[in-house]
Amino acid sequence: MVNGIRDLTCGEVATYRAKGWVHAPGLIPRGLAKRLLARSRAVMGDTAHTISGGGGGDPEFAEYASILRNYLGIWKIEPLMREVSHSISLARVASQLLHDRPVRFFNDEVLVKPPAEAGGRATPWHQDLPHSPFERTGLINIWISLVDLPADGGAMSFLDGSHRVGPLGRTLLDKTDVLEQNPWLRGECEISPPAAMKVGDATIHGDMTIHSGPAYKGSHWRWAYLVNLMDASMRYSGGPSYGEKIEGLEPNAPFPEDRFPVLYGG
C-alpha cells in the first residue's frame with residue numbers, strides 16, 4: 001500500500017493551467033523516494049550502467065546515452081515501482097490536471113543524468129506529444145526527484161505557457177532543438193530556471209509543454225523517477241512511439257486495459 005502521496009493544491013492546479021507545468025514540493029514522502037532510489041540503483045548500478053537506451057533503444061536516439069541514462073518500464077520488474085506508478089493517489093493527481101477525467105497508466109522510467117564533469121550534456125528543448133503514439137494531447141508527466149538537487153543542479157527547465165503554441169514537430173530527430181527552430185518562442189514564453197528540489201519533490205508537465213534538462217556542474221548525479229499517466233479516453237494514433245513499441249493495436253483503437261489499466265475515475 002502506497003501512503004503519503006498528496007493531492008495538489010488549488011494554487012498548484014492553477015499554476016499548471018497557466019504555465020503548462022508546476023513544481024510540487026513533497027509530492028511523495030521522502031522515505032518512499034529514497035526507497036525508489038535504492039531500487040533504481042539496484043537495477044541500474046550506482047552510475048546507471050544498465051539502461052534500456054535513449055528512446056527505449058531506438059537507433060535514432062543512440063547519441064542520447066551521454067545526455068541521460070534511462071530504464072523504461074521498470075515497473076515490470078520492480079514491485080515498488082509498480083505500486084507507485086499504478087497507485088490511485090498518483091492517478092488522482094493527474095486527474096486534477098485533466099479536469100477530473102478518468103486516468104490510465106501509460107509507462108514509467110528512471111532517468112539519470114551525469115554532471116558535465118562526467119560527460120553530461122543538456123537534453124534538447126522539445127515537446128513530448130510529437131514523439132508519442134497518441135491522437136490528442138492528454139499525457140501527464142510526473143517527474144519525481146530521488147536526490148536533493150541544488151538550484152541549476154539537474155532539475156528540468158520549462159517554457160512557461162508553451163503548452164498553448166501547438167505541436168512543433170519531432171524535433172528530437174533533428175540536429176537543432178525546438179527553441180532553435182522557433183526563435184520567436186523566446187519572445188512569447190519565459191524560460192523558467194531549474195528549481196532547487198528535495199527528495200520527493202516533483203515537477204509535473206503536460207505533453208505540449210516545451211522543456212529541457214540543462215547540463216549542470218557538480219559532484220552529484222541526478223536520479224529521477226518519471227510516471228506517465230494519460231486521459232483514459234485517448235486513442236492510439238498509429239504513429240511511432242519513441243519508447244515502448246506499440247504492437248498489435250490498430251490505429252484509432254483505445255489502449256487495452258490489460259497493459260494500460262484505468263487507475264482512477266473509470
Side-chain angles (χ1 to χ4, degrees), residues 1-8 12-13 16 20-40 43-44 52 55-56 68-98 101-113 123 128-129 131-134 137-147 155-156 158 197 199-207 209 211 213 222-232 234 241-244 255 259-266:
M1 169 79 76
V2 174
N3 293 313
I5 298 176
R6 70 173 179 86
D7 289 342
L8 298 179
E12 287 170 334
V13 173
Y16 178 89
W21 73 281
V22 65
H23 179 202
L27 184 70
I28 74 169
R30 185 177 179 89
L32 175 57
K34 286 185 173 181
R35 290 170 59 203
L36 290 169
L37 175 63
R39 297 317 307 151
S40 299
V43 171
M44 300 177 71
S52 62
L68 61 83
R69 305 178 189 190
N70 70 321
Y71 200 103
L72 184 71
I74 195 171
W75 66 273
K76 297 176 182 178
I77 63 170
E78 279 296 328
L80 179 62
M81 275 69 169
R82 182 183 180 92
E83 189 176 4
V84 172
S85 65
H86 287 67
S87 68
I88 293 174
S89 299
L90 211 58
R92 186 169 58 240
V93 168
S95 182
Q96 287 183 272
L97 302 176
L98 291 169
R101 295 180 66 85
V103 169
R104 188 185 298 279
F105 173 75
F106 184 66
N107 220 334
D108 75 345
E109 192 169 9
V110 178
L111 297 170
V112 185
K113 186 181 260 317
T123 305
D128 294 327
L129 179 64
H131 304 90
S132 300
F134 311 119
T137 183
L139 186 73
I140 301 294
N141 302 280
I142 303 176
W143 190 99
I144 302 166
S145 186
L146 303 184
V147 295
M156 287 192 291
F158 303 89
M197 300 185 72
V199 174
D201 289 0
T203 57
I204 308 174
H205 68 277
D207 52 10
T209 305
H211 58 285
R222 186 204 77 183
W223 287 76
Y225 180 54
L226 177 68
V227 179
N228 307 125
L229 302 170
M230 60 180 174
D231 183 327
M234 292 167 71
S241 173
Y242 299 104
E244 179 175 333
F255 287 85
R259 166 62 184 84
F260 307 96
V262 175
L263 305 176
Y264 182 80

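We're numbering straight along the sequence, starting at 1. In this text, all values refer to a predicted model and were calculated from it rather than measured experimentally.
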Donor-acceptor pair, distance only, cut-off 3.5 Å: does the side chain of [X] make one with the backbone of [Y]?
{"X": "His205", "Y": "Thr203", "result": "no"}
{"X": "Asp207", "Y": "Gly138", "result": "yes"}
{"X": "Asn141", "Y": "Leu226", "result": "no"}

Q) Can you list the residues that meet the ring-ring contact (aromatic ring centres under 6.0 Å, His included) rule with Phe105, with sequence neighbours excluded? A)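 For Phe105, the residues satisfying ring-ring contact (aromatic ring centres under 6.0 Å, His included) (neighbours in sequence not counted) are Trp75, His86.
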Q) Taking only residues two or more places apart in sequence or in another chain, which ones pass ring-ring contact (aromatic ring centres under 6.0 Å, His included) with Phe134? A)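 Here the qualifying residues are Phe106, Phe255.
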Can you name the residues that form a salt bridge (charged side-chain N to carboxylate O under 4.0 Å, His left out) with [X], not counting sequence neighbours?
{"X": "Arg222", "value": "none"}
{"X": "Asp231", "value": "Arg101"}
{"X": "Arg6", "value": "Glu12"}

Enter the distance from [X]:[atom1] to [Y]:[atom2] here, rounded to the nearest 0.5 Å.
{"X": "Arg104", "Y": "Ile140", "atom1": "CZ", "atom2": "CD1", "result": "15.0 Å"}
{"X": "Thr209", "Y": "Ile204", "atom1": "OG1", "atom2": "CD1", "result": "11.5 Å"}
{"X": "Leu72", "Y": "Glu109", "atom1": "CG", "atom2": "CD", "result": "4.5 Å"}
{"X": "Lys76", "Y": "Ser85", "atom1": "NZ", "atom2": "OG", "result": "11.0 Å"}
{"X": "Leu90", "Y": "Ile144", "atom1": "CG", "atom2": "CD1", "result": "5.5 Å"}
{"X": "Ile5", "Y": "Ile142", "atom1": "CD1", "atom2": "CD1", "result": "8.5 Å"}

Is [Y] close to [X] at the side-chain level, that is, under 4.5 Å between some pair of heavy atoms?
{"X": "Thr123", "Y": "Lys113", "answer": "yes"}
{"X": "Phe260", "Y": "Met234", "answer": "no"}
{"X": "Leu98", "Y": "Leu229", "answer": "no"}

**Q.** Residues which pass side-chain contact (heavy atoms from CB on, under 4.5 Å) with Arg39, listed by chain and number, not counting sequence neighbours
**A.**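 Counting only residues at least two positions away or on another chain, Arg39 forms a side-chain contact (heavy atoms from CB on, under 4.5 Å) with Ala42, Glu78, Leu80, Met81.
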(Q) Quick check: closest heavy atoms across Ile74 and Asp108, and the distance to 0.1 Å? (A)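 Closest heavy-atom pair between Ile74 and Asp108: N-OD1, 3.0 Å.
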Q.
Suppose we screen for side chain to side chain donor-acceptor pair (under 3.5 Å). Which residues come up paired with Asp201, at least two apart in sequence or across chains?
A.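 Side chain to side chain donor-acceptor pair (under 3.5 Å) list for Asp201, sorted by chain: empty.
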(Q) Among residues at least two apart in sequence or on other chains, which ones pass side chain to side chain donor-acceptor pair (under 3.5 Å) with Ser95? (A)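 Partners of Ser95 under the side chain to side chain donor-acceptor pair (under 3.5 Å) test: none.
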Contacts table for residues 20-38: side-chain donor-acceptor under 3.5 angstrom, sequence neighbours left out:
from, atom 1, to, atom 2, distance (Å)
Trp21, NE1, Asp160, OD1, 2.7
Arg30, NH1, Asp148, OD1, 3.4
Arg30, NH2, Asp148, OD2, 3.3

(Q) Heavy-atom count check: over 12 atoms from other residues, nucleotides or ligands less than 6.0 Å from Ile77 CD1? (A)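 Check passes, neighbour count above 12.
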Q.
Please determine whether side-chain contact (heavy atoms from CB on, under 4.5 Å) holds for the pair Ser40 and Tyr225, giving the CA-CA distance in whole Å, both sets of side-chain angles, and the decisive distance to 0.1 Å.
A. CA-CA 9 Å; Ser40 299; Tyr225 180 54; 5.5 Å; no
